[in-house]
Amino acid sequence: GLRNPYRFAFRPGTNEVWVGNVGWNDWEAIDRIDNPQALPVKNFGWPCYEGPARQPDWQAVGLLQCQSLAGPTVTPPFYAYNHTAQVVPGENCPADQFGTVISALAFQNTTGDPYPAEYDGALFFADERRGCMWAMERNGSTLPDPTKIKTFATSAAAVDLQVGRGGDVYYVDFLAGAVRRIHYAGAARRHAPGAGRSIRSRGAVTPTNGTAIAPFARPSAVVPALPGDTGRPRPSRQPLTEFRESPPQSPHLVMRPHQ
């Protein structure tokens, strides 16, 4: 039921597997497997379904398995975006039916990361063809919310995403042949007593090299507290900064996603 599960990630603190499933003509999808050991295994529908919809070309063939596959036997994607639509309306990310591929995804830590609190537990995902990266934030729950997606970075041909030990996002830029790091350049986060850390502030982080990513949309400085996350000051509106780090000198291979 998966067409091309090019990248996957585990949600921190769980056994859940989240899959970046590369589509065919119309849809790119993020599929969630909440319990990989559960039986029967989930069926995400390919080739009878692509993303949330029936795949018309395969339906036209008249395969018996497609005619009988419907309802609860098909697991819809957790989130999907159409090749001809923007992920965030008005963003500077081209939507092209033949120029779209979901190529990377990773989860931010739920606590202790240097990013503003709205990113705690967020799911980052990227499209190498569009050259964009997004953050799907939580909305008062443990899961990311498909209605709370913001453009996180542009001009980023990411084919892999990882969150480092310090909480910064690293990505492999296929077109540049480089590993890049996205670092928060605002005031360091401070944790209230009882939140597992002592209060401390290192002030503003000044980058030694790198340029601010734009556009970078962010809601107001006052972010509603998540359950069990009270008493923690919220950082103000500050830019993220992209650090460009040199790739290894030895020959290396980067696999490009296929459509």
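Because the structure is a prediction, the values reported are computed rather than measured. Position 1 is the first residue of the sequence, and the numbers go up from there.
Here the closest non-hydrogen pair linking R138 and D120 is NE-O, 3.0 Å. P114 and G166 make their closest contact through CD-O, 2.8 Å (heavy atoms, listed as atom of the first residue, atom of the second, distance). Here the closest non-hydrogen pair linking P144 and P146 is O-CD, 3.7 Å. Annotation for G99 and D127: closest pair O-OD1, 4.5 Å, computed over non-hydrogen atoms. Heavy-atom minimum distance, T154 versus C93: CG2-SG, 4.2 Å. Nearest heavy atom pair, residue N4 against residue N21, reads N-OD1, 3.0 Å.
Salt bridge D96/R129: absent, no basic N to carboxylate O contact under 4.0 Å.
Between F124 and W134, the ring centre distance reaches or exceeds 6.0 Å. A centroid separation of 6.0 Å or more is found between the aromatic rings of W18 and F10.
L123 and Y81 fall within a single hydrophobic cluster, where Ile, Leu, Val, Met, Phe, Trp and Tyr side chains are chained together by heavy-atom contacts under 4.5 Å. In this structure, F8 is not a member of the same hydrophobic cluster as V172, with clusters built from ILVMFWY side-chain heavy atoms closer than 4.5 Å. Cluster membership for V19 and W46, using ILVMFWY side-chain heavy atoms within less than 4.5 angstrom, is not shared. Transitive grouping of hydrophobic side chains (ILVMFWY, heavy atoms separated by less than 4.5 Å) brings V101 and L175 into a common cluster. Both V159 and I30 sit in one connected hydrophobic cluster of ILVMFWY residues. Membership requires side-chain heavy atoms under 4.5 Å apart, directly or through other members.
Using a distance-only test at 3.5 Å, with no hydrogens or angles considered, no donor-acceptor pair links the side chain of N109 to the main chain of T111. For E16 (side chain) and I33 (main-chain N/O), no donor-acceptor pair under 3.5 Å exists by modelled atom type. Using modelled atom types, one side-chain atom of Q59 and one backbone atom of C48 make a donor-acceptor pair closer than 3.5 Å. Using a distance-only test at 3.5 Å, with no hydrogens or angles considered, no donor-acceptor pair links the side chain of E137 to the main chain of I149. Here the side chain of S103 pairs a donor or acceptor atom with the backbone of A158 at under 3.5 angstrom. Proximity of a side-chain donor or acceptor of Q108 to a complementary backbone N or O of V163 within less than 3.5 Å is not detected. The main-chain N or O of Y170 is never found under 3.5 Å from a side-chain atom of Q162 such that the two would form a donor-acceptor pair.
For N15, the CG atom counts as loosely surrounded, since its 6.0 Å shell holds 12 or fewer non-hydrogen atoms of other residues, nucleotides or ligands. Within a 6.0 Å sphere centred on CZ of F78, heavy atoms belonging to other residues, nucleotides or ligands number more than 12. The number of heavy-atom neighbours closer than 6.0 Å to CD of Q37, taken from other residues, nucleotides and ligands shown, is 12 or below.
The NZ atom of K42 lies 11.5 Å from the CG atom of L2; values are rounded to the nearest 0.5 Å. Atom CD1 of I102 is separated from atom OH of Y79 by 8.5 Å, given to the nearest 0.5 angstrom. Taking CG of D31 as the reference point, atom CZ of R3 lies at 13.0 Å (rounded to 0.5 Å). Atom CZ in R54 sits 7.0 Å away from atom CG in L69 (nearest 0.5 Å).
Between P47 and Q65 the shortest side-chain heavy-atom distance falls below 4.5 Å. You'll find the side chain of R11 reaches within 4.5 Å of the side chain of L143, heavy atoms only. Taking 4.5 Å as the limit, some side-chain heavy atom of W27 sits within range of a side-chain heavy atom of P52. For the pair F125 and M136, the minimum side-chain heavy-atom distance is below 4.5 Å. Within the 4.5 Å cutoff, the side chain of Y171 has heavy atoms near those of the I182 side chain. Put simply, the side chain of K150 does not reach to within 4.5 Å of the side chain of V87, judged on heavy atoms. Using a 4.5 Å heavy-atom cutoff, the side chains of R7 and L161 are not in contact.
For the pairing with Y49, the side-chain contact (heavy atoms from CB on, under 4.5 Å) check across V74, T75, N43 returns one residue only, V74.
In this model, a donor atom of one side chain and an acceptor atom of the other lie less than 3.5 Å apart for D168 and H183. In this structure, a donor-acceptor pair under 3.5 Å is present between the side chains of T100 and R130.
Ring geometry for W58 versus W24: interplanar angle of 30 to 60°, hence tilted. Taking the six-membered ring for Trp and thresholds of 30 and 60 degrees, Y115 and F152 have ring planes inclined between 30 and 60 degrees apart.
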Let's go through N82 and D26 carefully: what are the C-alpha distance in whole Å and the side-chain angles of both, what is the deciding distance for side-chain contact (heavy atoms from CB on, under 4.5 Å) to 0.1 Å, and is it a yes or a no? CA-CA 6 Å; N82 192 275; D26 299 307; 4.2 Å; yes
Working note: Q55 + N25, criterion side-chain contact (heavy atoms from CB on, under 4.5 Å); need CA distance, chi angles, decisive distance, verdict. CA-CA 9 Å; Q55 213 298 314; N25 287 337; 4.0 Å; yes
